[in-house]
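Note sheet for the following structure.
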Amino acid sequence: MNLAKSSYINEVSEGEKPRSIKLTKWRPYLLIAPAIIVFLVFFIQPIFYMIYLSFHEWNFISPDKTFVGLENFIVLLSDPMFLQVIRNTLMYTFFTVLLSISIALLMSIWLNRQGWMYSFVQGAVFSPHIISLVSIAMLWMWIMDADYGLLNWVLSLVGINKVPWLTEPNIALASLIIIAVWKNIGYYTLIIIAGLQSIPKHLYEAAALDQTSGIRRFTKITFPMLSPSLFFLTIIGILDSIKVFETISIITKGGPLNSTNTLVYYIYENGFIFFKIGYASAAGVILLVILGILTLIYFKALSKRVHYQ
Amino acid sequence: MTKIQLKNVSKAYGNSKKVIDNMNLEIRDGSFTVLVGPSGCGKSTTLRMIAGLEEVTSGEIWIGDQLVNEVAPGKRGISMVFQNYALYPTMTVRGNIEFGLENMKIPKVERKKMVEEIAEIVDLTEFLDKRPQNLSGGQRQRVALARAMVKKPKVFIFDEPLSNLDAKLRGQMRTELIQLHKRLGTTFIYVTHDQVEAMSMGDEIVILDKGNIMQQAAPMEVYHNPENQFAAKFIGIPAMNVLPIAMLERNIGKMTDGRIFHVGFRPEHAEIQTAKQTTSGVHLPCEIMTMETLGSETLYLVNSDAGQFQVKSFHNPLMNTKKVHVTIPFDKLYFFDTQGNRVYTDGLPFEWRDEKVREEVLV
Ligand SMILES: Nc1ncnc2c1ncn2[C@@H]1O[C@H](COP(=O)(O)OP(=O)(O)OP(=O)(O)O)[C@@H](O)[C@H]1O
Ligand SMILES: [Mg+2]
């Protein structure tokens, strides 16, 4: 700040002299310096520190960090548990995003009309979005409780046996996906409805005059016109899901039998429960690489097929 | 036979008051009919009801000998060109033109041929693989035209298709549309609020006001023989002068026809001179208020004891003159009643104050 200020004073007091021209050249950089410094300290530095740590063994307390080269990575990638974590994360992400967007799309098409009932339903599905994840997790722990939960009680009314939602390894991940989808659809629906409403009405009129069938109207007009919204939702959906942590740490703690352990929870577990900092950092680096690759894919491949007006 | 008929058609949006009230309209087969009227008078509504984009509240719409009230828009044999073109932004020019044909399940080979033929006609061949967003306004307009034409409709309807173009392009497209109509020979219905477009393009003009038809006739017929004050004022640049009869009685004598309330005359029919003329007509001593010289013609706004009105003259502008005489030939006067309807009279409907003038007229 001081630097920026002094350069300004110099320029004003010394008018057209060469020195002030030099300072003028630097002024933009000085003005963005605070933002850059914050960025470097809080975003870039931790990344490099993490990469540094990933080549070391450290327990968080001892003063020495032992350099171990690539060993953390080698152990990690040959650990079946870690591979399962990766698989869980990808499954969770894929189905959460796919289901959230598909259901939200259907809901939007249904809700995109006038009437108090539609507004009410829209408000109702949106409400989970503003509830904190911790409350959502607690709520669903009760709903999905095998013995006293709401869900099993409702199912028992229609004669379906108890489902061990959160305690059966084959089901627990699906249960977590249900919770995530439930939370997402309100917000997704809102975005998609906004997208639907921004499609000019005259396109549908032109389509009506072109004898367009209902299906083609959707696939050739509505869907392409929505693609910017859907693209946006896919990006934030994937990033959100890959980083899932709260619901897992509260509801399942990665269990049963590691079946719901995902990347971020795994990093947390190794770092702050087992104090294997180097190992956790190596997993963090892998998360970083995955996110980086995904981001590249979006912008290279997807953006080409997205319609922007 | 693709004559279009509206029989007692009314339209109200929701529960609000009627936008179109009991309209009866017949559009001749093969005509170039222009619907013209001020903003909000119901032109688009009428057009959209014909196209099937808007349901009628009551009444019948016939296309040819088919009652189309319940017929889907795509099945009416109508193509529409929208004001903002309504091109599909996610498709290429080719896709836009082809879309309707695909829906009609026309085989691919044939489709390709049709698209290329049309593209040739509207001069778009080199743009076929571009998106509408990357075209200029005039090119988009032509894509919209091509999309409409390729379906070989029985009726074309246009809703202010040229209003987004600049003046030069508008003139050019106007000519192109007239030629297109000549070549295709199909019925064109064209909406505009620009009377120049209406006069120059249509072979039939329908003047609308507040959802009512004020007059339907050929352009020159509307110009020479307006049925009411609205039509008289709407067509012609500048608009017809309409003055209350009471103010003119001083100059021409007492009215003998009690129905007459207003008298009108066109600015271009009034003669403006520095001295009083001997020709027969209404003579008004006037004072020039403003003058616009437009090259071939001059537009004066003058003040007389009968009121203010405009005069268009094709003579050299009268510079540095204030006091002038305006003569309006008797046979160029139009009379209107209290409702603004035209009053037709045999001979001139007033008593002669000046016997001499009368003799001149009767000669
Ligand atoms: N969808 C609608 N809902 C309610 N009122 C409407 C609707 N569309 C048009 N109107 C009303 O109907 C009347 C006629 O509208 P219309 O669009 O037919 O006018 P227009 O003659 O085409 O005018 P412009 O020259 O401005 O296009 C207007 O008063 C308008 O406010
Ligand atoms: Mg309109």
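Hydrogens, waters and symmetry mates play no part in the numbers below; they use all other heavy atoms, side chains included. Chain letters run A, B, ... following the sequence lines, proteins first, then strands; residues in each count from 1. Bear in mind that the values here come from a model prediction, so they are computed numbers and not experimental data.
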Distance-only criterion, 3.5 Å: show the donor-acceptor pairs between side-chain atoms of residues 106-115 of chain A and protein atoms not counting sequence neighbours.
from      : atom 1 : to        : atom 2 : distance (Å)
Ser108(A) : OG     : Ala104(A) : O      : 2.5
Asn112(A) : OD1    : Gln197(A) : NE2    : 3.1
Arg113(A) : NE     : Trp110(A) : O      : 2.7
Arg113(A) : NH2    : Ile109(A) : O      : 3.4
Arg113(A) : NH2    : Trp110(A) : O      : 3.2

Item to check | Donor-acceptor pair, side chain of Tyr88(B) and main chain of Ala207(A), under 3.5 angstrom | outcome: yes
Item to check | Neighbour count above 12 (heavy atom, 6.0 Å) for Met104(B) CE | outcome: yes
Next on the checklist: By the salt bridge (charged side-chain N to carboxylate O under 4.0 Å, His left out) test, which pairs, at least two apart or in different chains, include something from residues 198-218 of chain A?
Outcome noted: Glu205(A)-Arg48(B), Asp210(A)-Lys151(B), Arg216(A)-Glu102(B)
Next on the checklist: Is any side-chain heavy atom of Pro89(B) closer than 4.5 Å to one of Leu203(A)?
Outcome noted: yes
Next on the checklist: Counting C-beta onward and ignoring hydrogens, is there a side-chain heavy-atom pair between Phe82(B) and Leu209(A) closer than 4.5 Å?
Outcome noted: yes
Item to check | Reported NE2-to-CG distance for the pair His202(A) and Leu53(B), which is rounded to 0.5 angstrom | outcome: 12.0 Å
Item to check | Greater than 12 external heavy atoms within 6.0 Å of Phe245(A)'s CZ | outcome: yes
Next on the checklist: Are there residues of residues 69-76 of chain B whose heavy atoms fall under 4.5 Å of chain A's heavy atoms? If so, which?
Outcome noted: Pro73(B), Gly74(B), Lys75(B)
Next on the checklist: Are more than 12 heavy atoms, taken from residues, nucleotides or ligands other than Lys7(B), located less than 6.0 Å from that residue's NZ atom?
Outcome noted: yes
Next on the checklist: Show me the pairs that pass side-chain hydrogen bond (donor to acceptor under 3.5 Å, both in side chains) and involve residues 174-195 of chain A, at least two apart or across chains.
Outcome noted: Ser100(A)-Asn184(A)
Checklist entry - With a 4.5 angstrom heavy-atom cut-off, which part of Leu101(B) approaches chain A: side chain, backbone, both or neither? => result neither
Item to check | Flag if over 12 foreign heavy atoms under 6.0 Å of NZ, Lys220(A) | outcome: no
Checklist entry - What do you reckon, is CD of Glu120(B) surrounded by more than 12 foreign heavy atoms closer than 6.0 Å? => result no
